[in-house]
Amino acid sequence: MNNWGPSTDVQDPALGTTIMAVEYDGGVVMGADSRTSTGSYVANRVSDKITSVADKIFVCRSGSAADTQAVVDMIRLYLQMHSLEINKQPEVPTAANLLNQVCYSNKDYLMAGMICAGWDERNGGKVFSVPLGGGIFPHPFVLGGSGSGYIYGYVDSNYRKGMSKQECETFVQNAVSLAMWRDGSSGGVVRLVTISKDGVEKQMISGDKLPHLAKGWCP
Amino acid sequence: MTVNHKVESSSLSGDEKFLKPKSILNYTLTYLKHTLLNLNYLVNLYMASIKSGYDLSTATYSPEGRVFQIEYATKLVKNSPMVLGIISNDGILIFSEKDPEVSRLSLFSPEKIFPINKISAIGATGKTGDINYLIQRARIDNLSYRENFSESLNGSLLASRVASLIHMHTVYWHLRPFACSGIIGTISDSSPEIFVFFPSGLFVKCFGTAIGKQSETVKISLENILVKSSNCRKNIKEVSKALKIVKPKLNLRLLEIFSLSRETSRFDKPISCNIITENERLSSFYPI
């Protein structure tokens, strides 16, 4: 925070955000909002926070925009070199491990909370959380970003193991919209990425098409 | 079967007997007076005629395009105790013959087969000092690979790392070449694989091979065993039989056997004594 200049509110571009990834029967669904803010100014209202590091492995980014972009670029390079060596598509635990190595060794300089998810032949759909400071945590579903705190209740009560693809996409969409409803640093559109054996499907659901779950009390 | 890596002269033209190489050390061509047809002698002839300076350094090629230092190192490996590797139905077997002059069974017997991680092992023969260094590097490589990629080093990755280390030593750090050759047994993607690497830095993937003393004759019996395609337990007996035929004086207790199969799912330790005793007993029934 600067104590000079016209506005003390100005910060580095940050992804105060809502990101999540959920395993379902046959793959993973990743969801994110699309707001990048520098302080209270929305720098980009349609940003894409779900970046690919391999054909079927994606990373949700939250925290400092610059830091996360740099880390993801590095991971993409290492993963590509590794997949050349092993002659196969890389696996999700490998990608998450590399993320962890980078985030932990540079923990003093980075502010990056990431979720690594994807599909590979040996493990199926997998989700790993690599939060601020490093560490690697495999879970069936992971939430991240500033908006995640507002939806833990919804997610905990509505998650079921072995959902179908449609149910999972609805689940993620609802959760992210609820977070966007309450969190000031999340907003814009909802981006969904579904990764399974058959490939990668990307969707963007704009604000007017989002489910209005608070309609019971709020017009 | 393994590629025949022997580079010794199998076809010598008559002209080479009359070569007069420029000799720094001024060796005479006295040896060339013996015009014998025996191949061994021819080999010696050939080797003797090379003592004209092309074999003094790993960094020198001879006019025929050979690096003699590496061939000499291969010769060392050829005279070392044998190591044998074979893929069975359900796993990998690595046999190694302990040097009878050096081993005193109960007191001291140097290891010849080294586990790198739970699913790979290297059986090496040649200069022991070189082997130790190689194994240490392979183990460290495995650890750092695990740290970065959360998987053990196995398969052709392991083989290529070991082989490139040998190659680098020969090409860049060429005090003398690595004088060790070995058989790598690994499981990659649930399928067993065997690689063999040579002092020149070459590595080859195969189904079964042998290196060291009398390995050529054993390789022929290995082909027959491979055709039968039995499991590890049976193959141990088959291979011991084959070894007994090739080396009648072989004491089967001097074999170190590593097996990776459904029964022994870790490549960490040699097989138990019971199997060896059973082996001995069975093979003593077969007349030689």
Side-chain angles (χ1 to χ4, degrees), chain A residues 53-57 59 71-107 114-131 133-139 142 197, chain B residues 87 90-92 116-122 134 137-168 184-197 201-207 260 262 265-267:
Chain A
V53 288
D55 277 350
K56 291 203 177 151
I57 308 179
V59 173
V71 169
V72 164
D73 283 346
M74 255 203 277
I75 304 300
R76 192 180 295 127
L77 170 71
Y78 291 145
L79 262 187
Q80 278 176 350
M81 293 208 294
H82 180 236
S83 98
L84 277 179
E85 244 197 332
I86 59 174
N87 234 348
K88 281 189 287 234
Q89 287 298 312
E91 295 185 2
V92 187
T94 315
N97 204 341
L98 283 171
L99 252 187
N100 175 34
Q101 294 277 306
V102 173
C103 288
Y104 181 72
S105 355
N106 299 301
K107 71 194 300 183
M114 326 258 244
I115 301 179
C116 179
W119 185 92
D120 63 63
E121 181 90 52
R122 183 148 55 142
N123 305 309
K126 272 268 178 280
V127 174
F128 292 87
S129 149
V130 180
I136 175 173
F137 305 100
H139 288 303
V142 180
K197 184 168 119 179
Chain B
I87 290 191
D90 63 345
I92 311 172
I116 307 292
N117 50 44
K118 282 200 206 121
I119 52 176
S120 336
I122 300 184
L134 210 63
R137 282 299 297 261
R139 285 175 174 161
I140 292 176
D141 260 354
N142 173 54
L143 287 179
S144 65
Y145 186 84
R146 272 190 81 103
E147 190 191 351
N148 288 327
F149 301 106
S150 67
E151 262 180 2
S152 298
L153 198 57
N154 60 1
S156 59
L157 279 178
L158 172 60
S160 85
R161 297 236 175 155
V162 171
S164 9
L165 186 65
I166 297 183
H167 181 254
M168 250 203 316
I184 306 176
T186 68
I187 302 261
S188 64
D189 268 354
S190 327
S191 60
E193 293 178 334
I194 283 195
F195 297 86
V196 54
F197 61 88
L202 168 73
F203 77 95
V204 176
K205 181 173 166 180
C206 50
F207 289 107
L260 181 59
R262 256 178 250 125
S265 56
R266 280 170 64 123
F267 231 167

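Worth knowing before you read on, the calculation uses all heavy atoms, side chains too, and leaves out hydrogens, waters and symmetry mates. Reminder, nothing fancy here: chain letters follow the sequence lines and each chain counts from 1.
To the nearest 0.5 Å, atom CZ of residue B:Arg161 and atom CZ of residue B:Phe203 are 11.5 Å apart. Rounding to the nearest 0.5 Å gives a distance of 4.0 Å between CD1 of B:Ile187 and CG of B:Leu260. To the nearest 0.5 Å, the span separating CG on B:Leu157 from OG on B:Ser188 amounts to 9.0 Å. In this structure, SG in A:Cys116 is found 12.0 Å from NZ in A:Lys126, a value given to the nearest 0.5 Å. Taking OG of B:Ser160 as the start and CG of B:Leu165 as the end, the distance is 11.0 Å to the nearest 0.5 Å. Distance check: B:Cys206 SG to B:Ile87 CD1 gives 7.5 Å after rounding to the nearest 0.5 Å.
A search for side chain to side chain contact (heavy atoms under 4.5 Å, CB included) contacts involving A:Ala54 returns A:Ile57, A:Leu79, A:Pro90, not counting sequence neighbours.
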Worked check of salt bridge (charged side-chain N to carboxylate O under 4.0 Å, His left out) between A:Lys56 and A:Glu91: CA-CA 9 Å; A:Lys56 291 203 177 151; A:Glu91 295 185 2; over 6 Å; no

Residues A:Ile115, A:Phe128; criterion side chain to side chain contact (heavy atoms under 4.5 Å, CB included); working and verdict: CA-CA 6 Å; A:Ile115 301 179; A:Phe128 292 87; over 6 Å; no

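Residues of residues 141-148 of chain B lying under 4.5 angstrom from chain A, judged on non-hydrogen atoms, are B:Tyr145, B:Arg146, B:Glu147, B:Asn148 in numerical order. Listed in order of number, the residues of residues 118-125 of chain A that approach chain B to under 4.5 Å between heavy atoms are A:Arg122. Residue-level contacts of residues 93-103 of chain A with chain B, in order of numbering, are A:Pro93, A:Thr94, A:Asn97, A:Leu98, A:Gln101; threshold 4.5 Å between heavy atoms.
Here the options are A:Val72, A:Asp73, A:Val71, the test is side-chain contact (heavy atoms from CB on, under 4.5 Å), and the partner is A:Ile75; only A:Val71 passes.
Without hydrogens or angle criteria, B:Ser120 side chain to B:Thr186 main chain gives no donor-acceptor distance under 3.5 Å.
Few gaps surround NE2 on A:His82; more than 12 heavy atoms of other groups in view lie less than 6.0 Å from it.
Side-chain contact between A:Met114 and A:Val59 is present, with at least one heavy-atom pair separated by less than 4.5 Å.
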